[in-house]
Amino acid sequence: MATYAIGDLQGCLKPLKHLLAVVNFNPLHDKLWLTGDLINRGPESLETLRFVYKMRDSIVTVLGNHDLHLLAVAAGVRQASSSDTLDEILHAPDKDTLLEWLRQQPLLHHDPNLQYSMVHAGIPPQWSLKKAKKKAKEVECVLQSDLCEMFLLTMYGNKPSGWKKNLDDVDRWRVITNYFTRMRFCTAKGRLELTCSAGIHHAPKGYAPWFEYLDRKTYSDRIIFGHWAALEGQAYSENVFALDTGYVWGNSMTMMRLEDQKRFSVSADEINSN
Ligand SMILES: [Mn+2]
């Protein structure tokens with residue numbers, strides 16, 4: 001029995017199946033964690049979502065920005081963008097089942113036995129794990145409630161740029177969601193810079209990757225995340241595991257076995273030459 005974590009799938013089913021075969025993944029005994037962004041941009045979003053849904057009893061996933069975007073487009077509160085590849089899901093006969101399941105997924109997962117946490121993008125420096133869990137829960141409850149549509153409608157935007165006490169509901173949900181699903185660079189106090197998606201060495205002035213702050217409150221917690229393909233799987237920080245290695249952009253898909261932190265990866269070239 002083992003637990004594996006894989007970075008953003010983005011509708012790429014072949015490398016997922018390949019990695020599971022490499023380790024003889026057994027859904028009866030093993031667990032698979034996914035860092036979110038299950039769909040969009042890649043070639044097989046519908047089949048990927050169906051595959052994950054079928055394996056749902058062996059899977060833990062967290063929501064990424066693309067997953068939330070799919071829910072917003074499906075709810076009719078947001079237009080799809082020209083680079084989206086979500087149409088096949090939106091027209092699928094099993095769409096409602098798949099999206100209803102997706103809506104129930106968390107923003108943060110913590111396993112007290114394995115001592116790992118997982119989010120799509122990150123946890124802001126000023127929040128402890130305990131606080132982060134509380135904030136994630138707040139938005140998860142909204143998503144799973146009758147307020148879901150209102151949340152999806154008002155979720156988009158880069159402001160407010162950071163957490164403050166006394167934000168109104170819509171603003172606090174947006175900041176929480178931006179932290180967990182979109183953050184890359186921020187200040188030590190958690191002010192976000194959401195326009196830059198470059199690598200670690202291209203931090204906008206005054207900002208750093210969220211995990212680089214040595215006094216961040218989750219410094220001794222082990223955190224798995226995806227979202228940031230430009231890191232190429234390297235966060236150069238202890239206890240922080242970057243798993244999005246940009247398969248959908250022609251690079252590779254990465255899987256880590258949590259028990260021994262051994263990594264497995266498969267490149268787009270390998271998959272395409274088979
Ligand atoms: Mn993402």
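- We find the CG-CG distance between Leu63 and Leu143 to be 6.5 Å, quoted to the nearest 0.5 Å.
- Counting only distance, with no hydrogens or angles, the side chain of Gln115 and the backbone of Pro112 share a donor-acceptor pair below 3.5 Å.
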- Task: Determine, step by step, whether Arg172 and Asn166 satisfy the side-chain hydrogen bond (donor to acceptor under 3.5 Å, both in side chains) criterion, reporting the C-alpha distance in whole Å, the side-chain angles of both residues, the deciding distance to 0.1 Å, and the verdict.
- Result: CA-CA 8 Å; Arg172 58 188 281 138; Asn166 309 321; over 6 Å; no
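- Looking only at distances, a side-chain donor or acceptor of Tyr213 sits under 3.5 Å from a matching main-chain atom of Cys186.
- Note: Phe211 and Tyr219 fail the aromatic proximity criterion, with ring centroids not under 6.0 Å apart.
- Electrostatic pairing of Arg41 and Asp84 counts as a salt bridge here, judged by a charged N lying under 4.0 Å from a carboxylate O.
- When the shell of 6.0 Å around CD of Glu259 is examined, it contains more than 12 heavy atoms from other residues, nucleotides or ligands.
- In this structure, the side chains of Thr3 and Asp111 stay at 4.5 Å or more apart for every pair of heavy atoms.
- Taking 4.5 Å as the limit, every side-chain heavy atom of Pro125 sits out of range of all side-chain heavy atoms of Lys189.
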- Check step by step if side-chain contact (heavy atoms from CB on, under 4.5 Å) holds for Val175 and Leu167. CA-CA 9 Å; Val175 177; Leu167 290 174; 4.0 Å; yes
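- At least one donor-acceptor pair closer than 3.5 Å links the side chain of His227 to the backbone N or O of Arg182.
- The 12-atom threshold is exceeded at CD of Glu140, counting heavy atoms of other residues, nucleotides or ligands nearer than 6.0 Å.
- In this structure, Tyr4 and Leu258 have side chains that are not in contact, with every pair of non-hydrogen atoms separated by 4.5 Å or more.
- Hydrophobic clustering (side-chain heavy atoms under 4.5 Å, transitive across Ile, Leu, Val, Met, Phe, Trp, Tyr) keeps Met256 apart from Val266.
- Annotation: side chain of Cys148 is in contact with side chain of Arg103 (closest heavy-atom distance under 4.5 Å).
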Could you pull out every donor-acceptor pair under 3.5 Å between side chains of residues 13-25 and any protein atom, sequence neighbours left out?
none

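- Among Trp228, Phe225, Phe185, the single residue meeting the ring pair (Phe, Tyr, Trp, His ring centres under 6.0 Å) criterion with Trp210 is Phe225.
- The closest side-chain donor-acceptor pair between Thr245 and Asn251, if any, does not fall under 3.5 angstrom.
- Between Trp127 and Tyr179, the gap from one ring centroid to the other is short of 6.0 Å.
- At a cut-off of 3.5 Å, with distance as the only test, no side-chain donor of Tyr207 or Arg184 sits close to an acceptor on the other residue.
- When side chains are defined from C-beta on, Leu107 does not count as touching Val119, because their heavy atoms never get closer than 4.5 Å.
- You'll find the side chain of Leu129 reaches within 4.5 Å of the side chain of Ser117, heavy atoms only.
- The shortest distance between side-chain heavy atoms of Leu34 and Val60 does not fall below 4.5 Å.
- Between atom CG of residue Leu38 and atom CG of residue Asp67 there is a gap of 4.5 Å, rounded to the nearest 0.5 Å.
- Heavy atoms of other residues, nucleotides or ligands lying less than 6.0 angstrom from CG of Asp146 number 12 at most.
- Open room surrounds CD on Glu238; 12 or fewer heavy atoms of other groups in view lie less than 6.0 Å from it.
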N/O donor to acceptor pairs below 3.5 angstrom from side-chain atoms of residues 193-202, sequence neighbours left out:
residue	atom	partner	partner atom	Å
Glu193	OE1	Thr195	N	3.2
Glu193	OE1	Thr195	OG1	3.3
Glu193	OE1	Cys196	N	3.0
Glu193	OE2	Thr195	OG1	2.6

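- In summary, the side chains of Ser252 and Ser267 do not present any donor paired with an acceptor at a separation below 3.5 Å, with no hydrogens or angles considered.
- Taking 4.5 Å as the limit, some side-chain heavy atom of Thr85 sits within range of a side-chain heavy atom of Ser45.
- Screening Thr61, Asn65, Asp244 against His120 for a side-chain hydrogen bond (donor to acceptor under 3.5 Å, both in side chains) leaves a single residue, Asn65.
- Note that Arg50 lies outside the cation-pi zone of Tyr53, set by a 6.0 Å cut-off to the ring centre and a 45° limit from the axis.
- The side-chain tip of Arg222 points at the ring of Tyr116 from less than 6.0 angstrom away and within 45° of straight on.
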